[in-house]
Structure formats: C-alpha cells, structure tokens
Amino acid sequence: MASQEQQKYDVVIVGAGMAGMYMLHKLRGQGMRAIVIEAGSDVGGTWYWNRYPGCRCDVPSVEYSFSFSKELEQEWNWTEIMAAQPEILEYVNHVADRFDLRRDMVFNSRVSAASFDEDAKHWTVTTEQGESYTADFCVMATGCLSMPNKPEFPGADRFKGEVYHTGMWPKEAVDFAGKRVAVIGSGSSGVQAIPVIAEQAGEVIAIQRSPVYTFPANNRKLEDGYMDLAKADYATIREQQRNSQTGIIYYSPRRPKPEGAAPGKPKKRPSKTILELTPEQRKQEIRDFGFNVLSQYVDVHTDPEANEIACELYRETLRELVKDPAVADQLAPKNYPIGCKRPVIDTDYYLAFNRPNVRLVDLRETGPIEEITETGLRTQNGAHIEFDMLVYATGFDAMTGALKRMDITGRGGRKLVEKWEDGPRTYLGLQISGFPNMFTITGPGSPSVLSNVIVSIEQHVDWIADCLSYLRGHDLHVIEAEEQAESDWVAHVNEVAKGTMFTAPTCNSWYLGSNIPGKPRIFMPYVAGVHTYRQKCDEIAADGYRGFALAG
Ligand code: N01
C-alpha cells in the first residue's frame, strides 16, 4: 500500500491475525479510519507463522470461523472436522480478499514502540522499519501465542544443520527425507509434528523434558451433506457457542430421519464424575467413549483424588498403545495433574513411538540440554546426540510476550514492561490503567486462550467498536481503566482460578508463565467462561463503562 508515514488515523491496529482483520472490518463499518500494521508478509497471524508439518486446529472447523458475516458463513466449505493449517490460512485469505482488507494493511512492518501523547491525546506507533503512524486509539491485536520461545542453549549457533522453530516455520517446503531430525518439545506443536515428520524423515529423535497428557483428535473428513446441515444450523451454533463455557459446543448435525424409521435408542452418555464409578465402570467408559473421557469428568478438574484416578487410568491406556514398556514409562506423565496444562490433542502421537525410526530422549533421565554442538546436542550426563536437523517445538512467551516485546509508553512516561514486572494487570483483559485509549484483544485477564479464540476475538472486537462509537456519540475522546477497577478485576481473576487444576502447586504451564525462565508465576487467563465474561463486559458497558474514566 502507499506510504502511510505521518498520516493520522482514528485507530491503529497492531497485528493482521484474525483479531486485527475483524477489528479493521468492524471499524470500517462504523466509518472510522483504521490501519493495520503487521510484521509478516500477509494476513493470518498464528496460521501464517505456524506452518509446521501436522499443524492443525483443535476446535471443530465450523465453530472456529467468523460469525460476523452470514454470507461468509454460507459460502465457505470446510473439508475436515478440525482443519489443518493450510485450509485455515486459505480461509483467512478468502476473508481478506472478500472484505478487501489488505487495502488498509501494512505488511513486513514490525511495531517496535507505541507511546501515548497526553496533550494531543493520541498514540504514535513506530516500526522497526522506521515508519510511524498516529491515531486516537491503539488496538493491540498481537495474539496470545505469537512470541516464540527459543531457549538459549550454549553453542546454539555452532550447529551446522538446518534449524527451525514450529512457530516461525518457513513458507518453503522443508525436506526431511533421509535426515535425522531432533524435535525439542512435547507440547501441542511437538505432538502434532513428530508423527508427520516421522513419516518423511530417516529418523526422529523426540527430546522430551515433560511428558504430556494428550488425547486423540478423532479428526475425519466431513461427510457429504455435513456443511449443508451446518450452514442451516449456523444461527443456533453461534448462539450456543456464545452461551457456553469455552465457545466450543462440538457441533454434530442432526440428520433428518427417513420417513417411517423407528425412533433410535437414546444416546448413551458418560458419567459426570469419575468418583461415582466403580473401577470396572471406569474401564467400561474408556472402552465406550475412548480415553478422552478421562479429561471430561468434572471432578477431574477440581478434585485431586479424582484427578489421580484419571491420571493412573491414562498411564494404563498409554501402556496399551506403546509397545516398548520402557518407552511407555518414559512417555507417561506423572507428578502433575490432567487439566493443568492446555489440553493437547493428537493424531497417532503414541503410535509414532512404535515406529523403528522414532527414538525418545527423556531429559529427566539424561539431565537438561547442556549445549548444542556442530553435529547435535549434549545433555548433562555427557551423552552426545547426533542429528542433521533441529526443530524447536518449545512454545511461546504466552499472553504477555508480544506486548512486552514492544516499548509501550503510557501516561506520564510509564512503561508497560515496568508496570507488568510482577505479572500482567488489566481491567477485563481489555485495557490497562495508565495506558489510555489502548485496547488489547484477548488480553491477559480475559478468557482468551481458555476459549475458542475466534469467539473471544469477536466479542472483544464488538465490545471495543461499541465503546468507540459510544465515545464518539458522547463527544468523549479518552477512555482509561481506573486503577481500582483493574485491581479488583485482577483479584477476581485470581480468585476464580483458585482450586482448579490450572493453579495446582505441582502445575507448571505457560498459562502460569512457568515455561519462561524468570517470568512471574501468575495465572493469566480468566477461567469463568466466555458466557459469564460476556455478561460482565456487557453490564459494565451498559452502566456507562463502569470502572473506566471517560474524558472529553
Ligand atoms: O508449546 P508448549 P507448543 N529444554 O509450551 C519444551 C497452542 N497450539 O508450541 O513442558 C527442553 O506447550 C516444554 O517442556 P516443559 C496451544 O495453545 C495449539 O507445543 O516446559 N524442553 C514443552 O514440552 C498450545 O498449548 C495447537 O517441561 C523444553 C515444549 O517445549 C500452545 O500453542 C498446536 C525447553 C513446549 O510446549 C503452545 O504449544 C500447537 C528446554 N529448555 C500449538 N523449553 C493446536 O492443536 C521448552 N521445552 C491447535
């Protein structure tokens, strides 16, 4: 697009992922001048950067899609229950084309700083490329999992082979044929990548620090007629999503019965809690519903005794899947509960370890990675592991990383990095006291990563757009979260997370920041659910934006 230097906008949006895309579209609809600044060369955010083999969504496709346009819903056809990255990126590109979004987007421009001018009451956003943009409002649509975490191992630069990070995967195809590929990490990315790389590579060496609880994705191609039924049901699907805990309802179309067909048997459902079942009934439920059921009992998420029963049954099932008992034991998670980390789902992860070309290195036995060498890596016990290619599947500095990486300056020269030194503080995950006119989409303190993020993105975008329209209608120019409202919200977010497995003392997760050395241990997302959260946001808006200071 033409140079936008020195131009003044109503809103500057940072990030052209799904959040930034919808924000732009929405603001345009309200007659506002907005611009999107994006580090990548195109739209897509997560789906632009994470192109690693096996990358796929863990939310059903028809639910992981925008609801804001009925026409878009009706014209797009998904092909699988859970879409793979290329299909989602195709969808995102379709949305960008259809709504002509790129016209107001600047690509290959990474925002390095943003600062609020108190006198002029506007934000100036500057990029690493030296451009600057001024706007009354700034919306950070920077994503929750967009700042890759690449541990700094001594000697990392010495390695002579190719090096990749799942969260910064190149656009060009990577050729694994005949290569020995080491994959560090067994979170969602590693678990998805390992079985697919194993099909192509000479050898895969899975380097595991913590074993993972992972459940089968049960993905499949959508059968004929599925999309027609889903399209007819979209209004109901969206309503149910918005009124749910996570924004995911696991939609299944109800097919019309042929005339004269006998009424079917009522569908058998698993028990609500694991503690109410006898040991034999528990095993029967695993046989009936698959071992995913273990993560679905409500008491597993709140009661340590129930959780330990589920963990033991999980380990038993794993021993049935992995042929080598020693490897099964290494892969078995222990000492932390199911439900502490973000649920991981996979396609044939454990079966990959039955392949002759997949080897597991358990860092709990060898000690941590001590150094990277020219030809591999050395662990603390002195063992040297040789390989040709290295894949970091080591995750992200989640929720705060992308925001803290920019030099954000608010009122009175206050820096965001200083304000958040002891952990993120926000009001509703939407605004930060001391940083007027800046909004965060799916910021810490909102359901964000605990939900179908598209549902949460749409809710935030709609709320921000309504708020800006309210300000305009009331001749107001500044909105800022009040310090007290923010403190009360932070306390509330912590309170509702107490007693869940997310904050169990033995839990270390990126939700808590524990994957990043030195990051404060604070539970960042809001667990009360998208429905409850939406109600709170709407009440606050209806009450004249209670907890926000508004000024002319
Ligand atoms: O990252 P992770 P991810 N030495 O942080 C290990 C979303 N997502 O990219 O557990 C050795 O979960 C680390 O070990 P440990 C989803 O929300 C979704 O896999 O910290 N190992 C762990 O095994 C997900 O939760 C999908 O002990 C080191 C791994 O690296 C989130 O993104 C797919 C290490 C990192 O796991 C992040 O997932 C992909 C070190 N120094 C991602 N440092 C879907 O399915 C880290 N590790 C939709």
Side-chain angles (χ1 to χ4, degrees), residues 45-47 49-61 63-64 81-85 88 143-154 156 164-169 182-194 196 205-217 219 246 248 331 333-336 340-347 349 360-364 366-372 377-380 385 390-399 401 442 448-454 456 502 506-517 519 524-525:
T46 284
W47 305 104
W49 296 103
N50 289 263
R51 296 163 189 258
Y52 61 85
C55 180
R56 133 180 343 272
C57 191
D58 57 0
V59 176
S61 312
E63 300 177 42
Y64 192 87
I81 289 283
M82 291 175 197
Q85 177 271 338
I88 302 177
C144 295
L145 294 158
S146 49
M147 168 83 180
N149 167 43
K150 194 165 173 213
E152 287 175 13
F153 298 117
Y164 300 98
H165 190 294
T166 48
M168 290 182 287
W169 202 264
V183 180
I184 305 178
S186 43
S188 300
S189 305
V191 158
Q192 285 186 332
I194 285 166
V196 182
I205 305 153
I207 298 176
Q208 166 193 276
R209 182 165 72 178
S210 308
V212 62
Y213 294 102
T214 171
F215 295 93
N219 189 38
T246 59
I248 309 173
L331 286 168
K334 296 177 194 104
N335 308 327
Y336 77 93
C340 127
K341 299 192 186 197
R342 157 105 187 187
V344 176
I345 62 169
D346 70 272
T347 302
Y349 176 63
L360 182 67
V361 172
D362 185 357
L363 296 178
R364 291 167 310 169
T366 62
I369 297 168
E370 225 150 65
E371 60 166 345
I372 307 281
L377 63 79
R378 196 177 311 282
T379 49
Q380 196 180 46
I385 299 150
L390 175 56
V391 175
Y392 287 86
T394 44
F396 303 89
D397 182 353
M399 307 203 73
T442 64
S448 56
V449 290
L450 296 179
S451 67
N452 172 352
V453 78
I454 309 293
S456 289
F502 292 124
T506 50
C507 179
N508 288 309
S509 68
W510 58 255
Y511 293 139
L512 287 161
S514 8
N515 62 328
I516 303 295
K519 192 165 173 175
M524 295 182 283

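When a ligand or atom number is given, it counts from 1 through the structure's own listing order. Sequence positions, counted from 1, serve as the residue numbers for this chain.
The proximity of C55 to ligand 1, defined as any non-hydrogen pair under 4.0 Å, does not occur for either the backbone or the side chain. The part of Y52 lying near ligand 1 is the side chain, judged by heavy-atom distances below 4.0 Å. When non-hydrogen atoms are compared, ligand 1 lies under 4.0 Å from neither the backbone nor the side chain of N50. In D58, the parts holding a heavy atom less than 4.0 Å from any atom of ligand 1 are both the side chain and the backbone. With a 4.0 Å heavy-atom cut-off, ligand 1 is reached by no atom of Q208. With a heavy-atom cut-off of 4.0 Å, S188 touches ligand 1 through backbone and side chain alike.
For the pair V183 and G190, the tightest heavy-atom approach, listed with the atom from each and the gap, is CG1-CA, 4.4 Å. When all heavy atoms are compared, the tightest approach of S186 to Y349 is CB-OH, 3.8 Å. The two residues P53 and V196 come nearest to each other via the heavy atoms CB-CG1, 3.7 Å. For the pair Q208 and L331, the tightest heavy-atom approach, listed with the atom from each and the gap, is OE1-CD2, 3.5 Å. The two residues M399 and V449 make their nearest non-hydrogen contact at SD-CG2, 3.8 Å. Of all heavy-atom pairs between V191 and V344, the closest is CG1-CG1, 3.8 Å.
The shortest contact between atom 25 (O) of ligand 1 and any protein heavy atom is with W510 NE1, 2.9 Å. In terms of protein heavy atoms, atom 3 (P) of ligand 1 is closest to S189 OG, 3.4 Å. Considering only non-hydrogen protein atoms, atom 46 (C) of ligand 1 sits nearest to R209 NH2, 3.6 Å. Protein heavy atom nearest atom 36 (O) of ligand 1, with residue, atom name and distance: G187 CA, 3.5 Å.
Against a heavy-atom cut-off of under 4.0 Å, R56 is close to the following atoms of ligand 1: 44 (C), 45 (O), 48 (C). Within ligand 1, the atoms closer than 4.0 Å to a non-hydrogen atom of Q192 are 33 (C), 44 (C), 45 (O), numbered from 1 in the order shown. With ligand atoms numbered from 1 in the order given, ligand 1 contributes 10 (O) to contacts under 4.0 Å with heavy atoms of K341. If you number the atoms of ligand 1 from 1 as listed, the ones under 4.0 Å from a heavy atom of G185 come out as 6 (C), 23 (O), 29 (C), 30 (O). Near I184, meaning under 4.0 Å from any of its heavy atoms, are these atoms of ligand 1: 11 (C), 21 (N). Taking every non-hydrogen atom of F153 and a distance limit under 4.0 Å, the qualifying atoms of ligand 1 come out as 4 (N), 40 (C), 41 (N). Numbered from 1 in the order shown, with element, the atoms of ligand 1 that lie under 4.0 Å from a heavy atom of L363 read 11 (C).
The aromatic rings of F153 and Y392 sit parallel, their planes meeting at an angle under 30°, below the 60° perpendicular limit.
S61 places a side-chain N or O within 3.5 Å of a backbone atom of I81 that can act as its donor or acceptor partner. For N515 (side chain) and F396 (main-chain N/O), a donor-acceptor pair under 3.5 Å exists by modelled atom type.
Considering backbone and side-chain N/O of S186, one or more are found under 3.5 Å from N/O of ligand 1. Inclusion of N149 in the set of residues having an N or O under 3.5 Å from an N or O of ligand 1 is not warranted. Residue-to-ligand polar distances place S210 within reach of ligand 1: an N/O pair is separated by less than 3.5 Å.
At least one heavy atom of L145 lies less than 4.0 angstrom from ligand 1. In this structure, Y392 falls outside the shell of residues with a heavy atom less than 4.0 angstrom from ligand 1. Look at T166 and you'll find every heavy atom at least 4.0 Å from all atoms of ligand 1.
For the ring pair (Phe, Tyr, Trp, His ring centres under 6.0 Å) test with F502, the passing option among Y336, W510, Y511 is Y511; the others fail.
I207 contributes atom CD1, which lies 9.0 Å from atom OG1 of T379 (distance to the nearest 0.5 angstrom). Here the straight-line distance linking atom NZ of K341 with atom OH of Y213 works out to 10.0 Å at 0.5 Å rounding. With rounding to the nearest 0.5 Å, the separation of CG in N149 from CD1 in I516 is 3.5 Å.
Remark: among candidates S509, G395, A393, the nearest residue to atom 29 (C) of ligand 1 is A393, based on non-hydrogen atoms.
Ion pairing between a basic and an acidic side chain is recognised when a charged N comes within 4.0 Å of a carboxylate O; R378 and E370 show no such pairing.
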